[in-house]
Novice: 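Dropping a structure here in structure tokens format, bear with me for questions.
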There are 2 protein chains.
Amino acid sequence: MQKEHNLSRNQKIIFDLIDKSGEPMKAYSILFNVQKKGIKAPLQVYRALDKLVEIGKIHKIESRNAFIACQNSSCQISKATAFSICESCENVSEISNSKLSKYLSNFSDDSGMKYSKYNLEFFGLCKKCKSK
Amino acid sequence: MQKEHNLSRNQKIIFDLIDKSGEPMKAYSILFNVQKKGIKAPLQVYRALDKLVEIGKIHKIESRNAFIACQNSSCQISKATAFSICESCENVSEISNSKLSKYLSNFSDDSGMKYSKYNLEFFGLCKKCKSK
DNA sequence: CTTATAAATGTTATATTATTACATAGCGTT
DNA sequence: AACGCTATGTAATAATATAACATTTATAAG
């Protein structure tokens with residue numbers, strides 16, 4: 001079992017927003033959306049985002065500078081993330097494929113590096129966009 | 001064989017700089033370094049970077065907003081990139097592992113997406129930093 | 001060679017993303 | 001209460017990236 005994290009006020013507001021949106025959100029778009037709730041400054045958003053990423057409730061889509069709620073029920077794999085990104089409609093979803101995550105988590109080469117984390121982003125066309 | 005790309009003046013200046021540095025360089029650090037050669041504006045740098053990424057001469061390290069010269073002799077795999085990143089010394093190197101690239105290039109799942117590109121970033125401690 | 005076209009360049013301004021620095025408040029432990 | 005830690009508030013600014021527009025250079029077709 002995972003440790004249950006008690007989110008602080010700002011963290012909760014921001015997590016709920018991202019989670020409900022169901023898609024990647026950018027920091028300043030988040031800021032805009034939570035200003036009515038009293039979160040006024042970028043730093044307040046970035047601090048909450050940092051924490052939420054740290055505890056695995058959200059992930060950053062690096063190629064898009066955006067944040068998406070973790071879609072793996074228990075957020076067990078926040079150090080091993082994989083996403084599929086449609087280059088046409090920009091739809092993003094988290095890939096939960098145990099073979100893939102096993103393969104990558106166990107990956108090692110002769111560089112002498114000890115890998116403790118990875119992030120993988122696949123790009124392509126989603127079903128809908130392919131058929132257009 | 002690959003098409004030989006004739007780099008333009010700015011592209012050449014910027015590629016040479018990145019290539020010689022041997023490590024990831026940030027856009028504004030590049031800008032600073034090429035100002036004496038007449039490249040004065042960020043956009044000039046970003047345009048060259050865009051082109052160099054497009055033709056596979058350099059890659060963007062997304063998690064670092066930095067650019068590194070392709071280390072695979074012929075840049076054949078610019079649509080299939082993998083890097084190892086030391087979280088202590090920030091050393092980055094491109095992973096050339098045919099099993100890995102085959103595995104990922106052939107990856108598919110039941111999402112219906114057609115994957116045409118991927119970028120993978122591994123994080124950990126390099127040999128040197130591990131032993132400190 | 002010249003005309004057309006695409007690619008690259010130059011320049012200014014501005015948009016977007018993210019952090020520094022410093023002060024204050026809340027919360028759990030002893 | 002006193003301490004340590006986490007979170008918050010606020011202002012300023014740094015770092016990363018793009019828009020818009022004018023001009024020049026390279027490439028290819030006639």
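So that the names make sense, note that chain A is the first sequence line, chain B the second, and so on, each numbered from 1.
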Novice: Do Ile39(B) and Ile30(B) land in one hydrophobic cluster if side-chain heavy atoms of ILVMFWY residues count as linked below 4.5 Å?
Specialist: yes
Novice: In terms of the nearest nucleotide of DNA chain D, which residue is placed more toward the 5' end: Arg9(A) or Asp50(B)?
Specialist: Arg9(A)
Novice: Could Glu90(B) and Arg64(B) be called an ion pair, given the rule that one side-chain N must be under 4.0 Å from one carboxylate O?
Specialist: yes
Novice: Just the endpoints, please: which first and last nucleotides of DNA chain C, 5' to 3', lie under 4.0 Å from a heavy atom of chain B?
Specialist: dA8(C) to dT12(C)
Novice: Using the rule that two of Ile, Leu, Val, Met, Phe, Trp, Tyr join whenever any of their side-chain heavy atoms come within less than 4.5 Å, decide whether Leu7(B) and Ile14(B) are in one cluster.
Specialist: yes
Novice: Tell me which residues in residues 10-36 of chain A lie within less than 4.0 Å of DNA chain C, going by non-hydrogen atoms.
Specialist: Lys26(A), Tyr28(A)
Novice: Between P on dA7(D) and CG on Leu43(A), what's the gap in Å once rounded to a whole number?
Specialist: 13 Å
Novice: Counting just side-chain N and O atoms, does Ser8(A) come under 4.0 Å of either OP1 or OP2 of dT8(D)?
Specialist: yes
Novice: Under 4.0 Å, counting only non-hydrogen atoms across every strand here, what does Arg47(B) touch: a base, just sugar-phosphate, or nothing?
Specialist: base
Novice: Nearest whole Å is fine: how far is dT6(D) P from Leu52(A) CG?
Specialist: 16 Å
Novice: According to the interplanar angle, ranging from 0 to 90°, do the rings of Phe122(A) and Tyr118(B) count as parallel (below 30°), tilted (30 to 60°) or perpendicular (above 60°)?
Specialist: perpendicular
Novice: Quickly work out the Asn6(B) CG to dT25(D) C1' distance and round it to whole Å.
Specialist: 14 Å
Novice: For the side chain of Tyr46(B), counting heavy atoms from C-beta on, which of dA19(D), dA17(D), dG9(D) is nearest?
Specialist: dA17(D)
Novice: Taking the side chain as C-beta and beyond, is there a heavy-atom pair between Phe107(A) and Ile95(B) under 4.5 Å?
Specialist: yes
Novice: Is there a side-chain contact between Ser63(A) and Ile85(A), using heavy atoms and a 4.5 Å cut-off?
Specialist: yes
Novice: Would you call the rings of Tyr103(A) and Tyr103(B) parallel, tilted or perpendicular, taking 30° and 60° as the class edges?
Specialist: parallel
Novice: Side-chain N or O of Gln44(A) versus OP1/OP2 of dG9(D): is the shortest distance under 4.0 Å?
Specialist: yes
Novice: How long is the line joining NZ of Lys60(A) and C1' of dT16(D), in whole Å?
Specialist: 11 Å
Novice: Going by heavy atoms in the side chains, are Met25(A) and Asn33(A) under 4.5 Å from each other?
Specialist: yes
Novice: Asn10(B) and Ser8(B): side-chain donor and acceptor closer than 3.5 Å?
Specialist: no
